Amino acid sequence: MALRFPEINVGVVGVGFIGVAHVEALRRIGVNVMGVVGSSPERARIKAEAANLPHVYESYEAMLADPAIHVVHIASPNHAHAEQVRMALDAGKHVICEKPLALSSADTSDLVARASASGLIHAVCFNIRFYPSAHQAAAMVRSGDIGAPRFVTGSYLQDWLLLPTDWNWRLEPESAGGLRSVADIGSHWLDLARFITGKRVTEVMADLHTFVPIRTHPSGPVETFAAASGDAELIEEPMTSDDGAGILLRFEDGARGQAAISQVSAGRKNSVSIEVDGAASALSWRSEDPDKLWIGHRGAPNQVLTRDPSLLAPEAARVTAYPAGHVEGYPDTFRALFNEVYKDVASGGPSADPTYPTFTDGHDAVCVTEAVARSAQEERWITVER
Ligand code: SOE
């Protein structure tokens with residue numbers, strides 16, 4: 001079958017769980033995924049065979065040197081993002097980077113400046129806001145349906161790091177950065193809260209905790225969400241990063257919020273929830289039942305809006321692909337996000353008001369998470385510096 005954008009060639013860095021999600025979603029929107037790069041060509045070839053990935057480049061440099069590549073997707077461990085983004089921009093490639101955009105706001109602000117000056121397209125993969133119900137919630141807030149947002153509450157809970165034997169590069173500060181649950185999944189929740197309310201977080205008060213102070217791990221890598229294989233030589237590692245966090249939030253315009261973030265919540269595989277209580281009505285959404293948006297009223301029966309393109313606001317209908325009753329989930333959010341980005345790629349440059357998260361959003365998220373880290377350390381409210 002002919003590709004929708006046969007003239008757009010893409011390379012993906014990272015062949016873990018998320019890199020594969022990128023390749024699958026790119027294939028769905030009809031761009032030409034030319035090749036991938038892994039931490040080593042051997043590992044990438046094994047993964048390419050197992051997950052039906054395209055050609056394996058020998059190195060990131062080799063991928064960037066390929067004049068046929070127009071867009072680079074970065075789904076490597078966090079510490080590599082900043083340098084890989086710089087190299088891609090220098091090579092004249094459009095960039096879609098996984099979160100966090102970089103490990104420090106000094107780096108993210110540098111990347112925003114470079115990307116803006118380059119005229120290239122830049123996006124950060126905050127895919128959770130691309131559940132159609134999240135877009136619907138944002139559209140309803142914008143059109144005043146719930147009145148001014150006042151109180152924003154919710155959580156992002158997982159259980160894949162519950163046991164002391166659970167291991168992945170995200171537990172290594174040199175690969176992931178000093179923050180863990182907050183940077184890895186809290187950043188998604190914060191982006192979602194900002195996207196739905198349209199308000200930026202101005203101050204935070206946070207409590208971070210390491211519930212599993214010592215972990216053991218095999219000498220080799222363990223894939224995200226995978227159990228470590230039985231290895232005779234287990235290495236003991238003292239842990240310092242956050243398994244979980246409680247965060248109080250103050251938004252511009254006075255709204256308040258509370259988020260619970262954890263990667264050690266048994267039974268919660270990948271569970272995002274958010275409620276926005278407005279001056280007139282409320283909205284509530286859970287990723288475990290993603291096609292439903294609850295609308296709460298004081299003086300009338302509550303409602304549940306099931307995702308149905310014909311009933312959604314135009315902004316939400318635009319990011320949905322399946323008819324009502326055919327539930328859209330996690331992989332569909334990547335398709336929806338990339339679909340928006342590639343409209344700009346096809347037109348040659350960023351639109352004035354992109355419909356997808358850009359490096360500016362990536363910078364904002366890192367500024368908030370840095371304030372979270374400082375607040376936990378100093379045990380006081382911290383103003384977000386941007
Ligand atoms: C692991 O916690 C992870 O893969 C995150 O890194 C992703 O951003 C999230 O979408 C799913 O969980």
Side-chain angles (χ1 to χ4, degrees), residues 12-25 47 51 73-81 96-103 123-131 134 154-163 166-173 175-193 195 208 210-212 215 221-228 239 241-245 259-274 285-288 290 328-338 356-357 361-362 365-366 368-369:
V12 177
V13 189
V15 294
F17 155 61
I18 294 293
V20 174
H22 280 238
V23 172
E24 287 179 357
K47 201 59 197 281
H73 284 238
I74 298 175
S76 50
N78 304 346
H79 72 287
H81 292 178
I96 300 175
C97 186
E98 266 301 329
K99 39 53 44 181
L101 177 57
L103 295 186
V124 174
C125 202
F126 283 123
N127 59 303
I128 304 296
R129 57 158 103 163
F130 278 83
Y131 280 95
S155 59
Y156 195 150
L157 309 175
Q158 298 179 331
D159 74 357
W160 69 287
L161 295 174
L162 175 68
L163 304 176
D166 292 327
W167 190 253
N168 178 252
W169 62 261
R170 287 174 175 77
L171 293 152
E172 298 165 351
S175 300
L179 277 177
R180 197 224 315 157
S181 66
V182 171
D184 189 38
I185 55 174
S187 57
H188 276 303
W189 192 92
L190 291 162
D191 178 72
L192 185 64
F195 175 68
L208 308 187
T210 310
F211 293 100
V212 185
R215 290 180 184 264
V222 181
E223 179 121 344
T224 313
F225 288 102
M239 299 307 307
S241 62
D242 45 299
D243 291 314
I261 310 298
S262 154
Q263 295 184 307
V264 292
S265 296
R268 295 296 180 197
K269 305 301 169 190
N270 190 49
S271 173
V272 190
S273 72
I274 191 160
W285 173 80
R286 297 187 310 121
S287 65
E288 290 178 339
E328 288 196 337
Y330 185 79
D332 300 277
T333 60
F334 290 88
R335 185 212 61 82
L337 194 167
F338 298 163
Y356 48 87
D361 300 83
V366 170
V368 177
T369 53

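First listed ligand is number 1; within each ligand, the first listed atom is number 1. Basis for what follows: all heavy atoms, side chains included, without hydrogens, waters or symmetry-related copies. As the structure is a computational prediction, the values presented were derived from the model and not from experiment.
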Out of curiosity, Phe225 CZ to Asn270 CG, how far, rounded to the nearest 0.5 Å? 5.0 Å

Please verify the inter-ring angle class for Phe338 with His73; under 30° counts as parallel, over 60° as perpendicular, anything in between as tilted. perpendicular

Min side-chain heavy-atom separation Arg268-Gln263 under 4.5 Å: no

Give me the pairs of N or O atoms, one from ligand 1 and one from the protein, that sit under 3.5 Å apart.
{"residue": "ligand 1", "atom": "2 (O)", "partner": "Gln158", "partner atom": "OE1", "Å": "3.0"}
{"residue": "ligand 1", "atom": "2 (O)", "partner": "Gln158", "partner atom": "NE2", "Å": "3.2"}
{"residue": "ligand 1", "atom": "2 (O)", "partner": "Trp160", "partner atom": "NE1", "Å": "3.3"}
{"residue": "ligand 1", "atom": "2 (O)", "partner": "Asp184", "partner atom": "OD2", "Å": "2.5"}
{"residue": "ligand 1", "atom": "2 (O)", "partner": "Gln263", "partner atom": "NE2", "Å": "3.4"}
{"residue": "ligand 1", "atom": "6 (O)", "partner": "Lys99", "partner atom": "NZ", "Å": "3.1"}
{"residue": "ligand 1", "atom": "6 (O)", "partner": "Arg170", "partner atom": "NE", "Å": "3.3"}
{"residue": "ligand 1", "atom": "6 (O)", "partner": "Arg170", "partner atom": "NH2", "Å": "3.1"}
{"residue": "ligand 1", "atom": "6 (O)", "partner": "Asp184", "partner atom": "OD1", "Å": "2.5"}
{"residue": "ligand 1", "atom": "8 (O)", "partner": "Lys99", "partner atom": "NZ", "Å": "2.8"}
{"residue": "ligand 1", "atom": "8 (O)", "partner": "His188", "partner atom": "NE2", "Å": "2.8"}
{"residue": "ligand 1", "atom": "10 (O)", "partner": "Tyr330", "partner atom": "OH", "Å": "2.8"}
{"residue": "ligand 1", "atom": "12 (O)", "partner": "Gln158", "partner atom": "NE2", "Å": "2.9"}

Partner residues of Glu24 under the side-chain contact (heavy atoms from CB on, under 4.5 Å) criterion, sequence neighbours left out: Val20

What about the rings of Phe130 and Phe126, do their centers lie closer together than 6.0 Å? no

Any salt bridge linking Arg180 with Asp242? Criterion: basic side-chain nitrogen under 4.0 Å from a carboxylate oxygen. no

